[in-house]
Amino acid sequence: MTSHTALASAPAGADLGAARISAVGMLKSEWTKLWSVRSLWISLTAAFALTIGLCSYMIIDGQMLGSDDGGGSIPFGWTAIYPIGMLILVIHGVLTITSEYSTGSIRTSLVAAPRRTGLLLSKAAVLTAVTTVLGALMSVLLYTLLQFAGTVPSARGMSLFDPDMFWGVLGGTLVLPYGALFGLALGGLLRNAAAAIALYFGVFQLGPQIFPAFLPDGLAHLVDYMPLAAIDVMRAAGLSTEPYGVGVAVVVLLAWLVMLGGATWWLLKRRDV
Amino acid sequence: MIVSEHLTKRYGEKIAVEDLSFTVRHGAVTGFLGPNGAGKSTTMRMLVGLDHPTSGTITLGGKVYSELPDPLRHVGVMLDARAVHPARSAYHHLLSIAQTQGFPKQRVNHVLEMVGLSSVAQKRTGGYSLGMSQRLGIAAALLGDPDVLVLDEPVNGLDPDGVLWLRETLSGLAREGRTVFLSSHLMSELSLIAEDLIVIGQGKLLAAGSVDDIVSSVAPDSTRVVSNDAEKLATALQGTHVSVTSTGRETLLVQGRSAREIGAIAAAERITLYELATERLSLEEAFMRITRNAIDYGINQQEVAA
């Protein structure tokens with residue numbers, strides 16, 4: 001392309017053409033950022049490696065979480081482990097954006113994408129795509145293992161696309177990108193990894209157990225509308241309709257994401273960097 | 001052309017930049033000078049949309065930076081050479097910037113070569129020296145082959161080799177007709193490269209114009225004369241716009257007359273001159289004089305407030 005012999009005196013103007021900011025370019029950039037920092041791709045792969053490891057052990061051993069309440073008969077029972085992977089993906093989501101703030105590279109990113117919205121959207125898109133694809137592959141892999149192991153009677157010979165299997169696996173798998181996006185929104189909101197992770201564990205992970213003690217009796221059921229409660233409903237895929245059905249759970253989850261993501265976006269647009 | 005109009009930035013009670021208006025000429029090297037904390041970085045951050053002005057505007061060719069569809073093709077920015085993820089390699093850092101605007105990978109290799117980082121391009125930037133980080137910052141600024149370069153304190157922390165490299169690089173870029181806008185708190189450094197100067201202190205404009213104009217506006221050249229009859233010479237030198245001060249029994253400091261004029265007048269009056277020397281204010285002294293007023297003013301204000 002360009003002559004490399006002519007150094008600082010002859011910048012390569014021709015090969016830049018009509019270059020401009022584009023959605024595809026922003027996505028490529030985020031893809032590069034994700035895989036070029038070791039801590040980021042390690043936290044990502046760790047989430048899946050750990051989940052696969054624990055699920056495989058469970059499947060081979062034939063033990064199902066919560067088998068005392070009949071969990072052992074649930075065909076997709078192994079997805080009960082997925083929330084552990086989700087936890088790591090929350091942290092990964094937090095890190096993808098807070099690491100930009102802590103290193104100052106956010107300024108480089110926003111000078112390249114000064115409208116800012118594109119940065120948040122492309123980060124969210126890449127995270128969603130990567131965690132959804134890896135989650136789907138993981139679920140297919142574990143389903144195959146389950147069929148080979150044959151340790152769960154109710155799942156024996158059941159197609160992955162059998163409604164009794166499919167919706168549970170889908171619900172469990174979607175927990176993974178949800179966690180990553182939730183972490184991204186929290187990280188963008190607080191711009192500090194420690195604060196965002198503390199908020200997640202303090203409010204969203206432990207909150208449902210702590211808050212009812214402080215709320216008046218009439219309001220205690222509000223914790224049912226926190227994300228983890230809705231996630232449990234979604235993962236159950238209709239087997240449990242307490243305290244509400246899957247449809248409501250999906251709406252609750254999306255509402256949380258829109259609310260937190262919207263606040264993050266609004267602040268990103270307005271705040272100085 | 002960079003135009004700042006009544007630019008103001010407040011952080012709560014603190015005013016970082018106040019009613020700042022200036023113009024940076026196209027195709028010239030303009031130094032942005034001020035003591036630490038004068039508001040230089042804040043102004044540059046507002047120029048590239050990182051900080052939002054409280055009021056006023058700062059534009060590039062009439063447009064606000066964040067409205068440009070291809071910002072890096074117009075402006076190359078280095079605000080903080082350390083604003084890089086330390087775990088990412090220089091190559092991937094530059095690639096992630098280049099991809100946002102659709103620049104080809106070859107362009108990344110090209111700028112790496114321009115700044116002499118090709119051999120360490122795959123290494124994590126966390127291990128880079130400050131000088132290498134500055135080079136990487138310059139490479140990032142050059143990615144889009146921009147007309148305008150905005151550099152915040154690019155000389156800071158560089159060793160003499162690095163300073164020389166930077167000076168040569170910037171001179172080269174300026175010769176290609178690019179607008180270079182660089183800040184520094186060192187007048188002597190800017191005077192080696194800048195044609196124009198914008199001097200600010202306490203967030204306010206103190207002086208703007210060519211380097212020569214600014215220096216002579218602060219203190220006109222003065223001439224030291226030592227003679228056998230200072231009193232008589234002082235009388236003979238009087239005129240409009242001329243000031244004569246006596247600094248010793250035989251010594252005068254004259255402003256408003258050149259050494260040549262003084263010599264001629266002395267000859268006409270038959271006064272013997274022992275010494276006749278034009279004293280030019282150094283750039284650093286000129287800068288100190290311009291900023292001292294602003295700083296004194298600021299200190300007084302604080303005392304009043306307390």
Side-chain angles (χ1 to χ4, degrees), chain A residues 1-42 96 99-119 122 269-273, chain B residues 9 11 42 45-46 48-52 64-73 75 77 79-80 82-89 91-93 95-104 106-107 109-111 113-116 118 124 126 137 140 142-145 168-169 172-173 175-176 178:
Chain A
M1 294 283 288
T2 25
S3 157
H4 288 253
T5 50
L7 293 183
S9 58
D15 64 353
L16 296 181
R20 53 185 293 151
I21 301 174
S22 68
V24 174
M26 291 297 298
L27 291 173
K28 280 187 187 169
S29 171
E30 286 307 320
W31 178 262
T32 301
K33 282 188 203 167
L34 174 60
W35 297 110
S36 58
V37 169
R38 196 186 297 160
S39 63
L40 287 182
W41 66 256
I42 282 183
T96 51
S99 69
E100 292 223 13
Y101 283 103
S102 63
T103 59
S105 58
I106 186 75
R107 292 195 289 278
T108 305
S109 299
L110 290 181
V111 162
R115 283 172 185 268
R116 303 188 179 187
T117 307
L119 183 76
S122 52
K269 287 288 273 187
R270 290 180 55 93
R271 283 194 287 211
D272 293 337
V273 187
Chain B
K9 179 68 186 179
Y11 297 103
T42 305
R45 279 203 303 271
M46 287 191 278
V48 295
L50 291 179
D51 284 11
H52 304 293
V64 174
Y65 180 82
S66 58
E67 300 299 320
L68 296 170
D70 50 351
L72 298 188
R73 294 286 283 122
V75 193
V77 186
L79 295 185
D80 174 8
R82 293 282 196 197
V84 176
H85 199 303
R88 195 172 277 132
S89 71
Y91 174 79
H92 284 108
H93 171 69
L95 181 64
S96 73
I97 302 171
Q99 284 172 326
T100 60
Q101 328 266 308
F103 303 154
Q106 289 87 340
R107 182 66 193 163
N109 292 322
H110 186 77
V111 294
E113 205 156 313
M114 280 166 83
V115 301
S118 297
R124 293 156 46 104
L142 291 173
L143 260 181
D145 190 23
E168 283 169 358
T169 304
L173 293 166
R175 273 197 304 276
E176 292 164 7
R178 290 171 214 262

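This one's a predicted model, so the numbers in the text were calculated from it and none came from an experiment. Only heavy atoms go into these numbers, but all of them, side chains included; no hydrogens, no water, no symmetry mates.
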### Query
Less than 4.0 Å between a side-chain N and a carboxylate O, is that true for B:Asp70 and A:Arg20?
no

### Message
Using a strict threshold of under 4.0 Å (side-chain N to carboxylate O), is an ion pair present between A:Glu100 and A:Arg107?
### Response
no

For the backbone of [Y] and the side chain of [X], can you confirm whether one donor and one acceptor N or O come within less than 3.5 Å of each other?
X: A:Lys269; Y: A:Arg116; answer: no
X: A:Ser22; Y: A:Gly25; answer: yes
X: B:Gln101; Y: A:Ala112; answer: yes
X: B:His52; Y: A:Arg270; answer: yes

### Query
Do you know which of B:Arg88, B:Arg45, B:Arg82 has the most heavy-atom pairs under 4.5 Å to chain A?
B:Arg88

### Task
Identify which of B:Met46, B:Arg175, B:Glu168, B:Glu67 forms the greatest number of heavy-atom pairs closer than 4.5 Å to chain A.
B:Glu67

Interface moiety of [X] toward chain A, non-hydrogen atoms closer than 4.5 Å:
X: B:Val77; answer: side chain
X: B:Tyr11; answer: side chain
X: B:Leu50; answer: both
X: B:Asp80; answer: side chain
X: B:Leu142; answer: neither

### Task
Select, from A:Ser122, A:Ala113, A:Pro114, A:Ser39, the one with the greatest count of heavy-atom pairs under 4.5 Å involving chain B.
A:Pro114

## Note on the structure
If you tally heavy-atom pairs under 4.5 Å between each of A:Ser102, A:Gly104, A:Ser29 and chain B, the highest tally belongs to A:Ser29

### Query
With distance as the sole criterion, is a donor-acceptor pair present between the side chains of A:Ser109 and A:Lys33 under 3.5 Å?
yes

### Query
What part of A:Arg271 lies closer than 4.5 angstrom to a heavy atom of chain B: side chain, backbone, both or neither?
backbone

